[in-house]
Amino acid sequence: STPRSFSQIIAAVAWEVGKPLSIEEVEVAPPKAHEVRVKIVATGICRTDDHVLKGSFPNIDYPVIPGHEGAGIVESIGEGVTCVKPGEKVIPLCLPQCGECSSCLNPDTNCCLKTHLYESQNLMPDKTSRFTCKGKAIHHFLWISTFSEYTVMPDSAIARIDDDAPLDKVCLFGCGFSTGYGAAINTAKVKPGSTCAIFGLGGVGLSVVIGCKSAGASRIIGIDINKDKFTKARELGATECINPQDFKKPIQEVLVEMTGHGVDYSFEVIGHTDTMVAALASCHMNSGTCVMVGAPPSGSQLSFDPMLLFTGRTWKGSIIGGWKTKDSIPKLVSGYMEKKFNPDVLITHTLPFDKINEGFELLQSGKSIRTVLLF
Ligand code: PAD
Ligand code: ZN
Ligand code: ZN
């Protein structure tokens, strides 16, 4: 049977910048060729969604349905879809893997050229929307818009996962956990016995801590201005935690003194330009590697002393932890099922979907690590 439009679907719409999300009834059109319609079961709230609400995420067209850390079940598929079938458990991919572009064909890269960083994903690939509300077309976010009970995505942006996977937990593999863990494992390639510094101990930064620990780092220094984040960081493997506000000196000087010559690997997981430069200056002048994970505010510029790089430091960026998403996210979920790592500890709150604004307040006030919303 041909799938039809669904009406009275509950979704959270950002009508304009600076306004809280509004729970609305939307209509969701059926998937077109090479598209999949998914019933979202659970979705996490990531700081990147907050950037969308604040207007600091680049190239967003409003009104938009945000959300990109979800898990669900395939409801229907469009013509030509072969990678998933109705009834299968899936994770929508906020970074697609088309399998055909120069990045996808290169075994060493993951940033598919179909990403929003290259071309807007506010509409489906045919430049139309599948969402309507109050007679208006609503934009998609990263092609996946998980803050909707049903959502449509291209087949390059979906991965089938284990039938037994608990969707209310593995949604974190859609962004936060995969991003942080992969930044340590894939991008930095942390070596056993090394010293690491992680700036920002939110859901993503704590996932970096988990990655550094599993790579065998012997010293893991967590840095945050909210000391309430330190308990969990220590539980997950941080050997020391420091608050920059407790020091008169710049934090990079503190870290160089603590380690004698700077850390082997530093990670910026906040998204501020000043901490990006501080993280670079905190690593060893010659052999240090600094990984940028926090999303730069749109339109921002960096200013830094070029000597920081001239002496040999490496500065790298990491999108979704460097994973080729369609290939790797199902494997990460299988690793979770085999108890190789446990991001459940990052979930501090679970709320019904209609309490989504409460979830954002918990993030903004620093009280939550990850809130998972359930439909
Ligand atoms: P979060 O808000 O949960 O965590 C950020 C942490 O940084 C909080 O604990 C803050 O207290 C702390 N912090 C804020 N300012 C400072 C400061 N000046 N010095 C030290 N600590 C500070 O966010 P999150 O963990 O969900 O996301 C972190 C960033 O990563 C954010 O910018 C998000 O957009 C980005 C991100 N990037 C990718 C990617 O693929 N690169 C994926 C997902 C998220
Ligand atoms: Zn995210
Ligand atoms: Zn590609």
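Only heavy atoms go into these numbers, but all of them, side chains included; no hydrogens, no water, no symmetry mates.
For the pair T289 and C283, the minimum side-chain heavy-atom distance is 4.5 Å or more. By the 4.5 Å heavy-atom criterion applied to side chains, F131 and I9 are not counted as neighbours. Side-chain atoms of K316 and M292, non-hydrogen and from C-beta on, never get closer than 4.5 Å to each other. By the 4.5 Å heavy-atom criterion applied to side chains, P86 and I77 are counted as neighbours. Considering only heavy atoms from C-beta on, T48 comes within 4.5 Å of H68 through its side chain.
The aromatic rings of Y336 and F173 lie perpendicular to each other, with more than 60° between the two planes, well past the 30° mark.
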Begin with the C-alpha distance, continue with both residues' side-chain angles, and end with the deciding distance and a verdict on salt bridge (Lys or Arg N to Asp or Glu O under 4.0 Å) for K134 and E25.
-> CA-CA 8 Å; K134 297 177 176 159; E25 282 186 355; over 6 Å; no
Could you walk me through whether V64 and V13 pass the side-chain contact (heavy atoms from CB on, under 4.5 Å) test, one step at a time?
-> CA-CA 6 Å; V64 62; V13 178; over 6 Å; no
Give the C-alpha distance, both sets of side-chain angles, the deciding distance and a yes or no for side-chain contact (heavy atoms from CB on, under 4.5 Å) between I185 and K189.
-> CA-CA 5 Å; I185 302 286; K189 298 190 167 59; over 6 Å; no
Using the side chain to side chain donor-acceptor pair (under 3.5 Å) rule, take T128 and R130 through it: C-alpha gap first, then chi angles, then the decisive distance, then the call.
-> CA-CA 7 Å; T128 63; R130 303 289 162 271; 2.7 Å; yes
Evaluate the side-chain contact (heavy atoms from CB on, under 4.5 Å) criterion for residues K54 and V17: first the C-alpha distance (whole Å), next the side-chain angles of each, then the deciding distance (0.1 Å), finally the verdict.
-> CA-CA 6 Å; K54 302 265 165 61; V17 170; 5.9 Å; no
Can you list the steps and then say if H139 with Y62 is a ring-ring contact (aromatic ring centres under 6.0 Å, His included)?
-> CA-CA 6 Å; H139 293 96; Y62 299 80; 8.4 Å; no
Any chance you could lay out the side-chain contact (heavy atoms from CB on, under 4.5 Å) test for W323 and N186, step after step, and finish with the verdict?
-> CA-CA 8 Å; W323 302 105; N186 298 326; 3.2 Å; yes
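At distances below 3.5 Å, at least one donor-acceptor pair connects side-chain atoms of T259 with backbone N or O atoms of L255. With hydrogens and angles disregarded, no donor-acceptor distance shorter than 3.5 Å links the side chain of S145 to the backbone of P66. A donor-acceptor distance shorter than 3.5 angstrom exists from the side chain of Q121 to the backbone of K114, with no hydrogens or angles considered. A distance-only check finds no donor-acceptor pair linking the side chain of W143 to the backbone of P154 [under 3.5 Å]. Proximity of a side-chain donor or acceptor of K89 to a complementary backbone N or O of A165 within less than 3.5 Å is detected. T179 contributes no side-chain N or O that, together with a main-chain N or O of V204, makes up a donor-acceptor pair within less than 3.5 Å. The closest donor-acceptor contact from the side chain of R37 to the backbone of Y150 lies at 3.5 Å or more, if one exists at all. Judged purely by atom type and a 3.5 angstrom limit, K136 has no side-chain atom pairing as donor or acceptor with the backbone of C133. The main-chain N or O of T311 is found under 3.5 Å from a side-chain atom of N286 such that the two form a donor-acceptor pair. Proximity of a side-chain donor or acceptor of S178 to a complementary backbone N or O of G174 within less than 3.5 Å is not detected.
Salt bridge K32/D126: present, at least one basic N to carboxylate O contact under 4.0 Å. A salt bridge links R370 to E69: one of the charged nitrogens lies within less than 4.0 Å of a carboxylate oxygen.
Nearest heavy-atom pair across D168 and V372 is O-CG1, 3.6 Å. Closest approach of D61 to S120, counting heavy atoms only: OD2-OG, 4.4 Å. Minimum heavy-atom separation, G200 to I270: CA-CG1, 3.6 Å. The heavy-atom pair separating F353 from I23 by the smallest distance is CE2-CD1, 3.8 Å.
Under the 4.5 Å side-chain heavy-atom criterion for grouping Ile, Leu, Val, Met, Phe, Trp and Tyr, L302 is not connected to I251 through any hydrophobic cluster. Linking ILVMFWY residues whenever their side-chain heavy atoms come closer than 4.5 Å, directly or via other members, leaves L363 and V293 in distinct clusters. No single ILVMFWY cluster, assembled from side-chain heavy atoms under 4.5 Å apart, contains both M153 and I91. Linking ILVMFWY side-chain heavy atoms closer than 4.5 Å, directly or via other members, places I40 and L351 in a single hydrophobic cluster. Clustering ILVMFWY residues whenever any of their side-chain heavy atoms sit less than 4.5 angstrom apart, transitively, puts I319 in a cluster other than the one holding L113.
By the side-chain contact (heavy atoms from CB on, under 4.5 Å) test, S287 pairs with H284, sequence neighbours left out.
For F267 and F199, the ring centers sit 6.0 Å or farther from each other. In this structure, F147 has its ring center no closer than 6.0 Å to that of F141.
With hydrogens and angles left out, the side-chain atoms of H140 and N122 include no donor and acceptor closer than 3.5 Å.
When each of V209, L206, L201 is checked for a side chain to side chain contact (heavy atoms under 4.5 Å, CB included) with K232, only L206 meets the rule.
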